[in-house]
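Below: one structure, written as structure tokens.
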Protein chains: 2
Amino acid sequence: MIKNADPIAALRIETPPATLREMALERMRRAIISGVFEPGTRLVERTLCDQLGVSRSVIREVIRHLEAEGLVEMLAKQGPIVARLEWDDARQIYEIRAALESTAVADCARVADEKVKAELRQSLNELDRTSQQNSPLGILDATTSFYRTIFHAGGHTIAWDIVTRLNSRISRLRVMTLSTPNRTTSGPSQIREIFARIEKNEPEAAAAACRAHVKAAAAIAESIIGVDVT
Amino acid sequence: MIKNADPIAALRIETPPATLREMALERMRRAIISGVFEPGTRLVERTLCDQLGVSRSVIREVIRHLEAEGLVEMLAKQGPIVARLEWDDARQIYEIRAALESTAVADCARVADEKVKAELRQSLNELDRTSQQNSPLGILDATTSFYRTIFHAGGHTIAWDIVTRLNSRISRLRVMTLSTPNRTTSGPSQIREIFARIEKNEPEAAAAACRAHVKAAAAIAESIIGVDVT
DNA sequence: GCCTGTATGATGGTATACCATAAGACCGAA
DNA sequence: TTCGGTCTTATGGTATACCATCATACAGGC
């Protein structure tokens, strides 16, 4: 690391990112993603004020943010609700993920050095651990960190933002997908395949493996929710 | 069209989308995209209140939305500024566009019927007209409508949202790119190539043409702003 | 009994008031 | 002249007040 090349920068006092709004945003987002608020649930502003202990200004600004993220929908004359997810949207999201992730994986395979590979290996171990424990949330975290490493290694920070946002929109679906019995075993093996190709620096093969992985996830998702999930 | 199969639906009174916030959002977005507010410009809330004639609540919620869109950055303890665009970000955006647009183009080429092709042809005519007039903004509109048709024909509505949002972040760059002399001629010809492949329903060739088009745009953009645009 | 009109309460849209803080101007002393 | 301190003010963060509107419930007439 070359971090201490600039010791002066290290002196900077970190401003606590602790505006009420940011905290509320984080809580709300997690609440929606983790399913505390079901899709379609009305988000009554004054109620949220009580629940989060902040004023309506804060709540409303948070809702604007979540709206732009696609996690919240505004019904005219009725206010915000947790966005519903139609299968067609989910299908598209999986397609986009396939495109972005396979591109990132390929680039990662091109440039991956030992350091990156070590990080990936660590995520894989975490993945093994969590999938043996049959912990969907843990698997999700491990998978996330695996892909985060890949995207950042290839310099795809913006694509990573997009993927993160898309994933939050299908989070419930992902958890359900991960709970599928055969997924618990096939998922990790597919990810291992991606890593194997990256390790050998084979961009095309890695990308193909990645596309297969996403495609499999999409297929399982479709089989679970079939036509629509409200 | 089977529209009048349900004449009752036609009775529905369209709710005017006219909340102050939505109007303000639209104005602000256009102002930023069209360059009325330069990148880095501070967006002082009270000033905007006067300029738009609305209250701070509205302005702040609009800023939250634009922040989530990536058009506005928040500086801690300083407030919002118009997002700056680093070349690396622009580079990534062009890459993502290449991935999403080529996928959409390929799908469009697979399913395009006469109706879609007619729409595309119309956009192309518009493109010719505007590029002869040397009107960058007109060219942008025509190109946008060309791609919108493509994305919607293939059912890529979410990808279209993403691309739209990404494009707004590099809008200034796009206008500058379009003003380049050789771009004025090469751009339309590349788009015509894409259309020609779609017309013949050749997905692979269409996608390749699309990638070439985006790549060329990115190259010109890079040559213009080189290392960074603040 | 059902339909219609009305009243009331809940809710979102909008505006404004208050506060803490940080940046900049100003001033005085070494 | 320059450094340090203080004061002012601009600004964002937060809370609250007010209003228009919509949904629900209820009452009355056919």
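Residue numbering restarts at 1 for every chain, and letters A, B, ... go by the order of the sequence lines. As a basis for the values below, the full set of heavy atoms in this structure was taken, side chains included, without hydrogen atoms, waters or symmetry mates.
- One can place CD1 of B/Ile81 at 12 Å from P of D/dG12, the figure rounded to the nearest angstrom.
- Distance A/Gln78 CD to D/dA20 P: 21 Å, rounded to the nearest Å.
- A close approach under 4.0 Å does occur between a side-chain nitrogen or oxygen of B/Arg21 and OP1 or OP2 of C/dG13.
- Of the two residues near DNA chain D, B/Thr47 and A/Val58, the one whose nearest nucleotide lies more 5' is B/Thr47.
- Between B/Arg60 and D/dG13 there is a side-chain N or O to OP1 or OP2 distance below 4.0 Å.
- Relative orientation of the B/His152 and B/Trp160 rings is perpendicular, given thresholds of 30° and 60° on the angle between their planes.
- Checked by atom type, the side-chain pair B/Ser123/B/Ser145 shows a donor-acceptor distance below 3.5 Å.
- For C/dT14, one of the phosphate oxygens OP1 or OP2 lies less than 4.0 angstrom from a side-chain nitrogen or oxygen of B/Thr19.
- Taking atom CD1 on B/Ile59 and atom P on D/dT11, their separation rounds to 14 Å, with Å as the unit.
- In the set C/dG12, D/dG12, C/dT14, C/dG12 carries the atom at the smallest distance from any side-chain atom of A/Pro80.
- Here the side chain of B/Leu20 is nearest to one of C/dT11, D/dG13, C/dA15, namely C/dA15.
- Computed from coordinates, the B/Arg46 CZ to C/dC18 P distance equals 12 Å when rounded to whole Å.
- Counting to the nearest Å, the C1' atom of D/dT11 and the CZ atom of B/Arg42 are 7 Å from each other.
- Side-chain N/O atoms of A/Glu101 and A/His213 include no donor and acceptor closer than 3.5 Å.
- A/Gln92 and B/Thr157 share a side-chain donor-acceptor pair at under 3.5 Å.
- Within the nucleic acid shown, B/Leu43 comes within 4.0 Å of sugar-phosphate atoms alone, with no base atom in reach, counting heavy atoms only.
- B/Glu45 has its CD atom 11 Å from the P atom of D/dT14, to the nearest Å.
- A/Arg64 places its CZ atom 9 Å from the P atom of C/dT14, with the value rounded to the nearest Å.
- Summarising the geometry, the separation between CG on B/Leu48 and C1' on C/dA15 is reported as 16 Å, rounded to the nearest angstrom.
- Between A/Ser55 and D/dA15 there is a side-chain polar atom (N or O) within less than 4.0 angstrom of OP1 or OP2.
- Counting any heavy atom pair closer than 4.0 Å across all strands shown, A/Leu75 reaches no nucleic acid atom.
- Residue B/Arg56 places a side-chain atom within donor-acceptor reach of the base of D/dG13, judged by atom type and a 3.5 Å distance cut-off alone.
- Between A/Glu222 and A/Arg91, none of the side-chain N atoms (NZ, or NE/NH1/NH2) sits under 4.0 Å from a carboxylate O, so this pair counts as no salt bridge.
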